[in-house]
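The structure under discussion appears below in the form of structure tokens.
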Amino acid sequence: MGAVAIATSGTQVREAARIRGGVQGVGFRPFVHGLAVALDLAGHVGNDTGGVFLEVEGDAADVADFFTALTRDAPARARIESVDRTVVPLQRTGAFSIVDSAPASRGGVGGGMHALVQPDIAVCDACLAELRDPADRRFGYPFINCSHCGPRYTIVHALPYDRAATTMAAFTMCDTCRAEYDTPAHRRFHAQPNACPACGPRLWFEVPTALATAQNSNAVAAETTLRLDDPIVRALRCLADDGTVAVKGIGGVHLACSATSTAAIARLRARKQRPHKPLAVMVADIDTARCCANLSPDECALLDAAERPIVLVRARDDSPLAALVAPGQDVVGLMLPYTPLHHLLLARGPLVMTSGNLSDEPIAFTNEDARTRLGSLCDGLLLHDREIAMPCDDSVLRIAERQLLPLRRSRGYAPYPVPLAAAVPPVLGIGGELKSTMCLTRDAHAFLSPHIGDVGGLETRALLQRTVEQLSRLLDVRPVRVACDAHPGYASAALARAWATVHNVPVTVVQHHHAHVASLMAEHGIVDERVIGVAFDGTGYGSDGTIWGGEVLVANYVGFDRVTHLACTWLPGGDAAVKHPARVALAQLQAAGISWDDDLEVVAASSRELQRVLAQQLQRGTNCVASSSMGRWFDAVAALLGVRHQVTYEGQAAIELEALAARAAGRYPADDAETDGRYRFALESDQFDGAPVLRAIVEDLRTGVETGMIAWRAHAAVADAVARIAVRVRHSHGLHAVGLTGGVFQNTLLLSMTCARLHAQDFRVLTHHKVPPNDGGLALGQAMIAAAQQARTR
Ligand code: ZN
Ligand code: ZN
Ligand code: FE
């Protein structure tokens, strides 16, 4: 090091550099400024659509040190993807400066549209300290932020990320804020959402009914309210009275109520028409989280991460949370506060924080939306005047096998790209129908949108459309092809076709489970290798017109072979069967040759009339759809065990069955299923049949075996079947990588059991860590398949 410095000492150089990646909105320019000043270098730094550009001039050794420190000491939230350096002529100017953002490339090294939009970041410790400091001018101010934290994606209209291109453009900074914003060494230097009580957004509390009578003067009413009373105090009072408060946050409006009061939750559930589906709970800190759940170190770290996702964790028996938060479940969705407002609201105990919507509608994100759509669901609205440019729901993750398992990839993660192994043509994957997201590719990046929802609804479809337009504009991607699901009834597919017509690009129709497998391959950086793709889910349109869902495919991005699948059974009433696991169970019993005897609870619970109609339907196949769905198979087992005969939300029976089995898993030997030869799927040449397992279950029920044990054995039977199938396909196709995907693999017990059996057979096992195994990941797979097709047609 010393020798280098001596050898180059006195030599003056000037270098231009371009830094690509997630380097805007994370305090990168102040960092560069500080570094340059410390090393006594001249030059400048700025943002543009290509990322960060800079030039430094000075002693050659110092310039070298500068670049070393640039990547080594970069701000924690920065993600540097590349630093391209070129030597440029000396300019012999004095100081180092931060220059205005340029819309196009400047500096010595070319730009292009390569900047990444930052996700929203949880409030940082420095800002929190100010929030709680009575002497600070931002004491108690709910919109406190700095260049290390605060909203990003949800306030951006365009790139580069500058105040004028955000919804903060509506607020003119006061002199004090302006001075912070202009001072390179300040923590708020160029913090675009910078604000204070004197100049920034305001919070107010509204009573929905009062509003109805004074509808034409909302703004005035809000102003008056603000002066009359502290909105936080009013909201806390309302929550303490078991009320529901609609809280406008960063990416949308939550419905909040006390998480320890059964009455409060019952009220919210009744209003939201959501009797059982688990509700997320926000707790003040990790210590409170520990009182509610048994947390592993990985789970603590994830809860505390800047993304602040909802983490599904194992609830404690002595948890202070009301059981009504997640009835029938062992797990509870916890998250920590991520906005200053949340910290103020959490003062008096954990809160249920659920998306502000009616079932299946998108999250409300404008004040008007909150008033009209949520007014009847709440007792008060805590609103503010900072607009949300794009809504963004909370993310939901689990830790499985000590790794991340995303169930919903949204706030904090989107629109950060999933890195691809190689550059692909720009395409659009429109996604599926439920839990939908969309995906755009640009170079070696796949940008997945935040969670959009069930596109069957009109409002959600409009949001999907808006997201496609906004993200393609923001990222400057003009897709040359669009991909959609093969289901003829999907609204998303219709939207994709309409979009393709307007933009005059071809459509790639992608089989549902092929897309699941491709999404898994993409997140593992697989380029053109074939894998054994095990895609187990509830419903996907099959290439033969039947409903698939228990599929083993040998696939790459170009195509797939359906090597085997769960034996088909009738789904009485088609998709309606999803709501009635008992009917699915009766159909599967019949298919397995087990008569409907009254000693089976599921039979006894079904009326004679229903049995008569079902028997007729199944015999003739009228109003029935053939299905190989593994999701429905688990539903049937759940109904057989009396876990649940009807469901009120997707996957409910399977989730409760998993809980039952997981409780047993703690008490029974891990190798039980391997010694129990009765619990084995029958492997045939092109299908595997669950009938023998159902017969074993019925036998165990009749001999009084505990249902937890049976549930556990049923899980083990599926894991065992996957491993045996994989061994077969390895022999026939010479493949060693097995991918586990589809909504069924949200079941972490099944996931662990299957991974263990596959690892024991020396397979390379691929599971989801970046995108969800459920339909929230479909868009990525669709995009990869469309990109592969596009690459071949060029
Ligand atoms: Zn901060
Ligand atoms: Zn100010
Ligand atoms: Fe699916």
Side-chain angles (χ1 to χ4, degrees), residues 25-27 30 75-77 120-132 136-138 141 143-152 163 168 171-182 186-202 306 338-340 343 407 431-437 454 485-487 490 492 510-520 533-542 547-551 553 578 627-632 650-651 740-746 768 771-782:
V26 290
R77 294 287 301 172
D120 303 294
I121 307 167
V123 59
C124 74
D125 291 343
C127 285
L128 266 187
E130 291 169 342
L131 182 77
R132 288 169 176 153
D136 195 275
R137 69 190 190 93
R138 290 188 178 85
Y141 183 57
F143 302 96
I144 197 165
N145 68 79
C146 71
S147 57
H148 304 288
C149 74
R152 299 287 186 267
R163 190 167 175 113
M168 283 303 292
F171 303 92
T172 307
M173 274 182 274
C174 67
D175 291 346
T176 318
C177 285
R178 183 86 228 178
E180 296 169 343
Y181 184 88
D182 286 337
H186 200 280
R187 197 173 99 246
R188 294 199 166 87
F189 177 74
H190 281 214
Q192 306 308 342
N194 189 26
C196 78
C199 67
R202 283 165 188 282
Y338 55 88
T339 72
H343 283 275
L407 304 181
E433 198 78 343
L434 300 172
K435 306 183 181 206
S436 106
T437 62
D454 176 2
D485 195 90
H487 198 300
Y490 274 11
S492 61
V510 181
Q511 199 280 323
H512 189 95
H513 303 93
H514 186 204
H516 273 308
V517 176
S519 76
L520 184 57
V534 179
F536 288 173
D537 65 0
T539 299
Y541 191 77
I547 294 181
W548 291 10
E551 312 307 308
L553 314 177
V578 173
S627 162
S628 58
S629 166
M630 185 58 84
R632 294 298 85 78
E650 193 218 347
L740 305 177
T741 184
V744 166
F745 286 107
Q746 297 174 102
H768 285 281
V771 301
N774 61 44
D775 288 4
L778 274 187
L780 172 62
Q782 291 176 347

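As a basis for the values below, the full set of heavy atoms in this structure was taken, side chains included, without hydrogen atoms, waters or symmetry mates. Read the numbers this way: they start at 1 and go in the same order the structure lists the ligands and their atoms. Position 1 is the first residue of the sequence, and the numbers go up from there.
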Would you check if Ser492 and Ser436 make a side-chain contact, meaning some heavy-atom pair closer than 4.5 Å? no

Decide yes or no for Gln511 and Tyr541: does some side-chain heavy atom of the first lie under 4.5 Å from some side-chain heavy atom of the second? no

Once rounded to the nearest 0.5 Å, what's the spacing between atom OG of Ser147 and atom CZ of Arg77? 13.0 Å

Aromatic rings Phe536 and Phe745: how do their planes relate, parallel, tilted or perpendicular, breaks at 30° and 60°? parallel

Using 30° and 60° as the class boundaries, would you call the ring planes of His512 and His516 parallel, tilted or perpendicular? perpendicular

Whether the side chain of [X] engages the backbone of [Y] through a donor-acceptor N/O pair (distance < 3.5 Å, no angle test) should be reported.
{"X": "Asp120", "Y": "Arg152", "value": "yes"}
{"X": "Ser519", "Y": "Leu780", "value": "no"}
{"X": "Arg188", "Y": "Ala179", "value": "no"}
{"X": "Ser629", "Y": "Gly538", "value": "yes"}
{"X": "Asp775", "Y": "Glu433", "value": "no"}
{"X": "Arg163", "Y": "Phe171", "value": "yes"}

Apply salt bridge (Lys or Arg N to Asp or Glu O under 4.0 Å) to Glu180 and list each qualifying residue two or more places apart in sequence or on a separate chain. Arg137, Arg138

Provide the tally of protein N/O/S atoms nearer than 2.8 Å to the Fe ion (ligand 3). 4

2.8 Å cut-off (strict), protein N, O or S atoms about the Zn ion (ligand 1): 4

What lies under 2.8 Å from the Zn ion (ligand 2), restricted to protein N/O/S atoms, is Cys174 SG, Cys177 SG, Cys196 SG, Cys199 SG

Thr741 and His768 have their tightest heavy-atom pair at OG1-NE2, 2.7 Å

